[in-house]
Enquirer: 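I'd like to ask you about the structure that follows.
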Number of protein chains: 2
Amino acid sequence: MKIDHDSPADLSAQIASAIREAIIEGRLIVDERLPSEAELAEHFEVSRPTVREALKRLAAQSLIRTQRGATGGAFVNRLSYEAAQTQQITTSTLLLSMNAVSFETACEARFSLERACAPLSAQRRTADHLAAMRAEIHRQGQPGLTDEAFCASDVTFHRALVDGARNPVISYQLAGAVEAMQPLMNMITFTARDRARIIALHEQIADALEAQDAEATAKGLSALETETQDLARDVFAARAVKG
Amino acid sequence: MKIDHDSPADLSAQIASAIREAIIEGRLIVDERLPSEAELAEHFEVSRPTVREALKRLAAQSLIRTQRGATGGAFVNRLSYEAAQTQQITTSTLLLSMNAVSFETACEARFSLERACAPLSAQRRTADHLAAMRAEIHRQGQPGLTDEAFCASDVTFHRALVDGARNPVISYQLAGAVEAMQPLMNMITFTARDRARIIALHEQIADALEAQDAEATAKGLSALETETQDLARDVFAARAVKG
DNA sequence: GCAGATTTAATGTCAGACAATTAGATTTGC
DNA sequence: GCAAATCTAATTGTCTGACATTAAATCTGC
């Protein structure tokens with residue numbers, strides 16, 4: 001593992017890449033302890049602060065964790081589904097907001113991918129998943145619920161649907177698609193009538209899952225997509241008129 | 001934007017979080033220049049190395065970039081689809097390898113999500129997407145192709161299929177699911193007969209897309225999933241017997 | 001033996017310095 | 001006057017050396 005001191009690239013970036021490669025290729029395994037900062041500094045022939053910057057880069061990606069104390073040091077992290085999801089949600093959210101992705105495009109992506117879960121979720125969902133969905137439907141019907149809370153409940157409902165597929169890889173991949181929509185949804189004001197229509201479709205979807213009817217689930221999701229797209233179109237059109 | 005000097009958490013982690021929040025909430029916008037390291041150090045009442053560690057954390061997530069020189073500094077990055085995809089592929093790959101995700105689970109996730117693209121891709125794919133897929137099919141038929149190259153070509157084929165949906169959000173979300181399978185596929189040895197069957201299914205899928213037949217595309221993908229799962233089962237069973 | 005004090009090895013933080021880079025201002029040559 | 005060369009200032013990149021903090025291991029007294 002060597003770096004190029006004459007390269008124009010930052011030494012800390014090079015060191016981070018070298019260690020990252022070692023982790024990805026399995027030369028460093030989970031829970032293995034890296035050499036101490038002083039030893040790494042000596043190995044790469046750089047100062048300790050430079051090594052530290054490299055380690056912080058890796059820590060930001062959850063590739064390593066550090067512990068202080070006598071037996072401390074930097075250890076290769078087991079990348080958990082939870083940590084990966086958190087990162088993915090942050091990245092997806094930023095990607096959508098910074099690239100001015102249209103509501104239409106994001107919505108299409110989200111519902112397309114969610115429909116992919118319908119067959120699995122209809123087959124495998126547990127009573128717990130159904131109960132979680134019913135609970136969110138109930139919450140969504142509460143009067144006085146803010147638009148933001150309504151959207152948050154919507155996200156929870158859909159994540160329960162996705163988790164119903166009981167495939168952690170799918171749950172991970174879809175976390176970004178579902179959660180990143182929330183800021184976009186938050187731009188919409190929901191009238192009581194809008195909410196009623198959405199809740200009715202949520203009920204339809206929950207019923208279909210309870211009956212383990214994959215086709216009806218997919219249909220419900222498609223209807224919800226159409227409803228959401230129409231709603232957004234109206235809201236944005238009204239806003240454009242107002243100025 | 002303040003931090004807690006008495007918190008047990010690293011100061012550099014706190015500073016990174018504070019700036020990250022500011023970016024996510026839009027208080028710092030794309031291409032905006034952050035204060036210089038010296039100014040940040042003064043503001044947060046920490047030393048420059050500590051600020052630098054925080055900035056390197058953000059740089060590792062592609063949230064900022066730094067420039068040297070008179071008008072240099074740290075700038076908020078526009079998170080590009082490309083950078084986001086690269087990160088997602090790294091994370092997905094590590095997630096699968098470190099958590100010993102079964103071939104079955106990963107394969108199910110990948111094909112479920114890919115089937116979600118079938119309707120859109122059948123409708124919108126361009127001649128370019130078809131050409132890319134045909135080219136990969138041709139490559140896959142070449143004698144003397146290593147297993148690794150065969151798998152890489154497989155990934156390219158499927159990414160062309162996904163890109164055919166012409167929805168960048170979908171392409172981004174699925175990049176991880178498709179690419180992260182490659183290391184798992186690389187564990188399989190493909191006989192000539194295996195390859196022939198896979199190529200035939202690829203042709204079937206390409207034909208369906210050319211005919212803009214969504215249902216046939218989905219069917220082709222399902223058949224390919226079954227084929228892949230069977231193949232993997234055989235390989236792993238044979239390996240288990242051998243020891 | 002065991003509780004508490006001590007040692008030790010590691011990360012976390014700091015201060016100050018110098019090197020390298022780059023844009024812009026200034027000077028110089030004609 | 002204008003273009004090229006030079007200087008200047010601002011900023012990041014890196015280094016050195018030190019001290020603070022943490023936590024496990026070891027020693028000590030009883």
Side-chain angles (χ1 to χ4, degrees), chain A residues 1-20 23 28 30-77, chain B residues 1-20 22-23 28 31-77:
Chain A
M1 230 166 31
K2 286 274 179 275
I3 58 171
D4 176 10
H5 280 254
D6 298 326
S7 153
D10 290 4
L11 295 178
S12 70
Q14 288 184 59
I15 294 169
S17 291
I19 299 176
R20 189 182 300 114
I23 294 175
L28 289 170
V30 168
D31 291 334
E32 185 171 342
R33 182 180 176 283
L34 274 67
S36 73
E37 294 175 354
E39 287 166 339
L40 286 171
E42 194 177 358
H43 173 80
F44 288 114
E45 299 178 308
V46 298
S47 67
R48 226 188 106 206
T50 302
V51 167
R52 282 181 61 78
E53 286 177 12
L55 294 180
K56 295 312 159 202
R57 294 175 117 109
L58 298 174
Q61 296 181 304
S62 307
L63 292 183
I64 62 168
R65 62 181 181 280
T66 54
Q67 268 176 13
R68 296 174 71 165
T71 59
F75 298 84
V76 178
N77 237 345
Chain B
M1 237 172 18
K2 285 274 177 272
I3 59 171
D4 175 11
H5 280 253
D6 298 326
S7 154
D10 289 5
L11 295 177
S12 69
Q14 289 184 58
I15 293 169
S17 291
I19 297 175
R20 188 182 300 114
I23 293 174
L28 290 170
D31 290 335
E32 184 171 344
R33 182 180 175 282
L34 273 68
S36 72
E37 293 175 356
E39 286 165 341
L40 286 171
E42 193 176 3
H43 172 80
F44 288 115
E45 298 178 312
V46 298
S47 67
R48 227 190 104 204
T50 302
V51 167
R52 281 182 62 79
E53 286 180 11
L55 294 179
K56 294 312 158 202
R57 294 176 116 108
L58 298 174
Q61 297 180 301
S62 306
L63 293 183
I64 62 168
R65 63 181 181 278
T66 53
Q67 270 175 10
R68 296 174 73 164
T71 58
F75 298 83
V76 178
N77 237 345

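Numbers restart at 1 for each chain; the letters A, B, ... are given by sequence-line order, proteins then strands.
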Enquirer: So, does A:Q14 use its side chain to make a donor-acceptor pair with the main chain of A:D4 at under 3.5 Å?
Expert: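 Yes; at least one donor-acceptor contact below 3.5 Å.
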
Enquirer: Rounded to whole Å, how long is the line connecting atom CG of B:D6 with atom P of D:dT22?
Expert: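 For the pair B:D6 CG and D:dT22 P, the rounded distance is 11 Å.
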
Enquirer: Between A:P8 and A:R52, which has a closest nucleotide on DNA chain C that is more 5'?
Expert: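 Nearest nucleotide further toward 5': that of A:R52.
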
Enquirer: Are any non-hydrogen side-chain atoms of B:I19 and B:L63 less than 4.5 angstrom apart?
Expert: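 No. Closest side-chain heavy atoms not under 4.5 Å.
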
Enquirer: Please state how far atom CD in B:E42 lies from atom C1' in D:dT11, giving the value in whole angstrom units.
Expert: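 Result: 16 Å.
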
Enquirer: For the residue pair B:R65 and B:D31, establish whether any side-chain heavy-atom pair is separated by less than 4.5 Å.
Expert: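 Yes, their side chains come closer than 4.5 Å.
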
Enquirer: Got a sec: does the CD of A:E32 have more than 12 other heavy atoms crowding it under 6.0 Å?
Expert: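 Enclosed.
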
Enquirer: Between A:A70 and A:L11, which residue's closest nucleotide on DNA chain D lies nearer the 5′ terminus?
Expert: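 Mapping each residue to its closest nucleotide by heavy atoms, the 5'-most match is A:L11.
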
Enquirer: How do A:H5 and B:A74 order along DNA chain D: which one's closest nucleotide is nearer the 5' end?
Expert: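 Counting from the 5' end, the first nearest nucleotide belongs to B:A74.
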
Enquirer: Any donor-acceptor pair, under 3.5 Å, between the side chain of A:R68 and the base of D:dT21, if you only look at N and O atoms?
Expert: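 Result: at least one qualifying N/O pair found.
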
Enquirer: Would you compute the distance between atom CD of B:E53 and atom CZ of A:R57 and round it to the nearest 0.5 angstrom?
Expert: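 Going from the CD atom of B:E53 to the CZ atom of A:R57 covers 11.5 Å.
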
Enquirer: Could you measure the distance from the CG atom of A:N77 to the CD1 atom of A:I23? Nearest 0.5 Å is fine.
Expert: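 Spacing of CG (A:N77) from CD1 (A:I23) equals 8.5 Å.
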
Enquirer: Round to a whole Å and report the spacing from CD of B:Q67 to C1' of D:dG13.
Expert: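 Going from CD in B:Q67 over to C1' in D:dG13 covers 14 Å.
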
Enquirer: At less than 4.0 Å, is any side-chain N or O atom of A:T71 found next to OP1 or OP2 of D:dA25? Yes or no.
Expert: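 So the side-chain polar atoms of A:T71 never come under 4.0 Å of the phosphate oxygens OP1 or OP2 of D:dA25.
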
Enquirer: Confirm from the modelled atom types if A:R48 and D:dG17 form a donor-acceptor pair under 3.5 Å, side chain to base only.
Expert: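 Side chain to base: no pair present.
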
Enquirer: For B:R33, which contact category applies under a 4.0 Å heavy-atom criterion: base, sugar-phosphate, or nothing?
Expert: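 It contacts sugar-phosphate atoms only.
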
Enquirer: To the nearest angstrom, how far is A:F75 atom CZ from D:dA24 atom C1'?
Expert: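 Taking atom C1' of D:dA24 as the reference, CZ of A:F75 is at 11 Å.
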
Enquirer: Below 4.0 Å from chain B heavy atoms, what is the first contacting nucleotide of DNA chain C and what is the last?
Expert: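 First and last nucleotides in contact are C:dG12 to C:dA23.
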
Enquirer: Closest nucleotide of DNA chain C for A:P49 versus for A:G72: which of these residues is on the 5' side?
Expert: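 The residue closer to the strand's 5' end, by nearest nucleotide, is A:G72.
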
Enquirer: Roughly how many Å is it from CD in A:E37 to P in D:dT16, rounded to a whole number?
Expert: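 The distance from CD of A:E37 to P of D:dT16 comes to 15 Å, rounded to the nearest Å.
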
Enquirer: How many angstroms lie between CG in B:L34 and OG1 in B:T66, if you round to the nearest 0.5 Å?
Expert: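 Answer rounded to 0.5 Å: 11.0 Å.
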
Enquirer: Rounded to whole angstrom units, what separation is found between the CD atom of A:E53 and the C1' atom of D:dT12?
Expert: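 It works out to 10 Å between those atoms.
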
Enquirer: Return the value, rounded to whole Å, for the distance between atom CG of A:D10 and atom P of D:dC15.
Expert: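 From A:D10 CG to D:dC15 P: 11 Å.
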
